[in-house]
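Here the structure is a predicted model, which means the values were calculated and not measured.
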Amino acid sequence: MTPLPRFYNTLTRQVEPFEPMDGRTVRMYTCGPTVHDYAHIGNFRAYVFEDLLRRFLKFHGWGVIQVMNLTDVDDKTIRKSRAAGMSLKEYTQRYTQAFFEDLDQLRIERAEHYPAATEHIPDMIRLIERLIEKGYAYQSPDGSVYFSIARFPTYGRLARLDPASLRPGARVSQDEYEKDNVADFALWKAWDEADGDVAWDSPWGRGRPGWHIECSAMSMKYLGETFDIHTGGQDNIFPHHEDEIAQSEAATGHPFVRFWLHCAHLIVDGRKMSKSLGNFYTLRDLLQRGWTGREVRYVLLTTHYRQHLNFTFDSLDAARAALARLDDFRARLDGVAGTVPPASLPVWAADADGAFHEALADDLNISAAMAALFDVVHEGHRAMDTRSLPAAEAAAVRAMLQNWDRVLGILRPDETEPSPDVVELVRRREEMRAARQWAEADRLRAEILARGWTVQDTPQGPRLRRR
RNA sequence: GGCGCGGUAGCCAAGUGGUAAGGCGGAGGUCUGCAAAACCUCUAUGCAUCGGUUCGAUUCCGAUCCGCGCCUCCA
């Protein structure tokens, strides 16, 4: 009955029907943050996309086991923690906590596992040992270990890159002469002075893991050697995900991941976000400017994930207006439905329900899903205008929207209560209105507005709305 | 240079080989003490440009122009 979801698989560059391997539970891995600073809205675009994916898979009826890694050891975390005079752990814990606070603001559901790299060093070491045993990795004189891409013939398949054409780029560091091939990548990095006291013992001496190996070790630990979905930003396709495939499949001999889903980048005012352009925003920056996490979520959510998202303050304005409309509709629906038990859906709502599910099943076509949502708002208002929406049907529509919000995560309003003085102003305005003292009533309305609330006079009495 | 993505109304953004969803914004009207919200009407003879295929293309093919991403550790 329900349509099988179809997703665009980077591996095949095609939209393919998706079903979990075991038919019931989707196992997915999502590349998480490097906890060296507050995450920016470009990062959160990816996490909101992954949240939509996870919520939709559940909405569709499957279980989900999602793993998101926390990279808490790398060049940046080491450098910044030392600059701050803090231990690595102390430093990364601060930003890990900030990350989870931001996730809550954006209404991003928690994954089942958030493994930290530093807590899985033994898993990584074992994986590297397997690769050495099988001849896919070699130790360099300084004690680093590299993966030999020459030993892995399908290297470059995901990114569609020809390994032979890979040339050293500007960012290749000085110590790379240790490698057999410039495109070989580090599995284990021998300690050097810049690492300070950050080091673990290994069969190859003291050092720390390379970046890619954590994702292979932790994903396979929690999800098995072959799992359903791996996601990330498209900038991770190469080299990160390419390298994950190489080291994982070389070690296990099995396919690593069935579906690779990548989201496109976010740009701001038509340009790449950068500190020098002054268009670089963290979520905290936007909250400080008075935007809500819900509004930011709306903007990040409602552009299809494979489309470049142009983030602007105009788009936040539009989000605020659209959410206000949704809130007004919901409030009106509540007024009609009351506490009556739901009946069956009116035809227009049942149609929209089907369209909503089908839209998301079509590679997460959020635009079409939102169109279905606004069709419901429109038809619902029309029905209520003509008093042709019985309470039981209104209750059914309300229940349907609550169900949709399991996927969208935007319909539930923020709980903001007016302060007692605003409530008092509203009460006095009602008195003035009852006494037909329009000038005074209007003055009070202006005063209420100045305090951030709009008053709507409805048949059920005055209704307050933020801003 | 290699690989890839995109150019649809004022802004954002779906989509289809048969004649352009939706959101924001704007104009007029209904309702309202006045508003707000809602509702009604209007807001792309055209989907970067030029060719081609076709009965018919925004949708397929080719070329051109413009914008963007990745090419070794940025979601």
Which nucleotide in B:G23, B:G33, B:C40 has an atom nearest any side-chain atom of A:Arg433: B:G33
Side chain of A:His308 only, heavy atoms from C-beta on: which candidate in B:C39, B:C68, B:C73 is closest? B:C68
Run the ring-centre check on A:Phe59 versus A:His357 and record whether the distance is less than 6.0 Å. yes
Keeping the roles fixed (side chain from A:Asp405, backbone from A:Leu411), state whether a donor-acceptor pair exists under 3.5 Å. yes
Is a side-chain N or O of A:Asp363 found less than 3.5 angstrom from the main chain of A:Tyr8, in a donor-acceptor match? yes
Side-chain atoms of A:Trp211 come closest, of B:C40, B:C73, B:A14, to B:C73
Using the six-membered base ring of B:G33, report whether A:Trp438 stacks on it, requiring centroids under 5.5 Å and planes under 30° apart. yes
Counting side-chain heavy atoms from C-beta on, which of B:C34, B:A21, B:C3 comes nearest to A:Ala371? B:A21
5' precedence on RNA chain B between A:Ala159 and A:Lys189 (nearest-nucleotide basis): A:Ala159
Nucleic acid contacts - residues 443-458 of chain A versus RNA chain B, non-hydrogen atoms under 4.0 Å: A:Arg445, A:Thr454, A:Val455, A:Gln456, A:Asp457
Interatomic spacing from CG in A:Asn403 to CG in A:Leu408 - rounded to 0.5 Å: 10.0 Å
Residue A:Lys272, side-chain heavy atoms: nucleotide from B:C34, B:C70, B:G2 that is nearest: B:C70
Do A:Phe256 and A:Phe227 have their ring centres less than 6.0 Å from each other? yes
Qualifying residue, where the test is ring pair (Phe, Tyr, Trp, His ring centres under 6.0 Å) with A:His40 and the options are A:Tyr47, A:Phe280, A:Tyr281: A:Phe280
Can you name the closest pair of heavy atoms from A:Tyr95 and A:Asp37 and give their distance? CD2-C, 3.3 Å
Kindly point out which of B:U72, B:C40, B:C74 is positioned nearest to the side chain of A:Phe238? B:U72
Could you work out the separation of B:A37 and B:U43 based on their P atoms and round it to a whole Å? 22 Å
Side-chain contact check for A:Ser367: nearest option of B:C74, B:U72, B:A21 is B:A21
Below 4.0 angstrom, which residues in residues 315-328 of chain A have at least one non-hydrogen atom near RNA chain B? A:Ala318, A:Ala321, A:Ala322, A:Arg325, A:Asp328
For A:Leu309 and for A:Arg436, find the nucleotide of RNA chain B with the closest heavy atom, then tell me which residue's nucleotide is more 5'. A:Leu309
Nearest whole Å is fine: how far is B:G6 C1' from A:Tyr305 OH? 16 Å
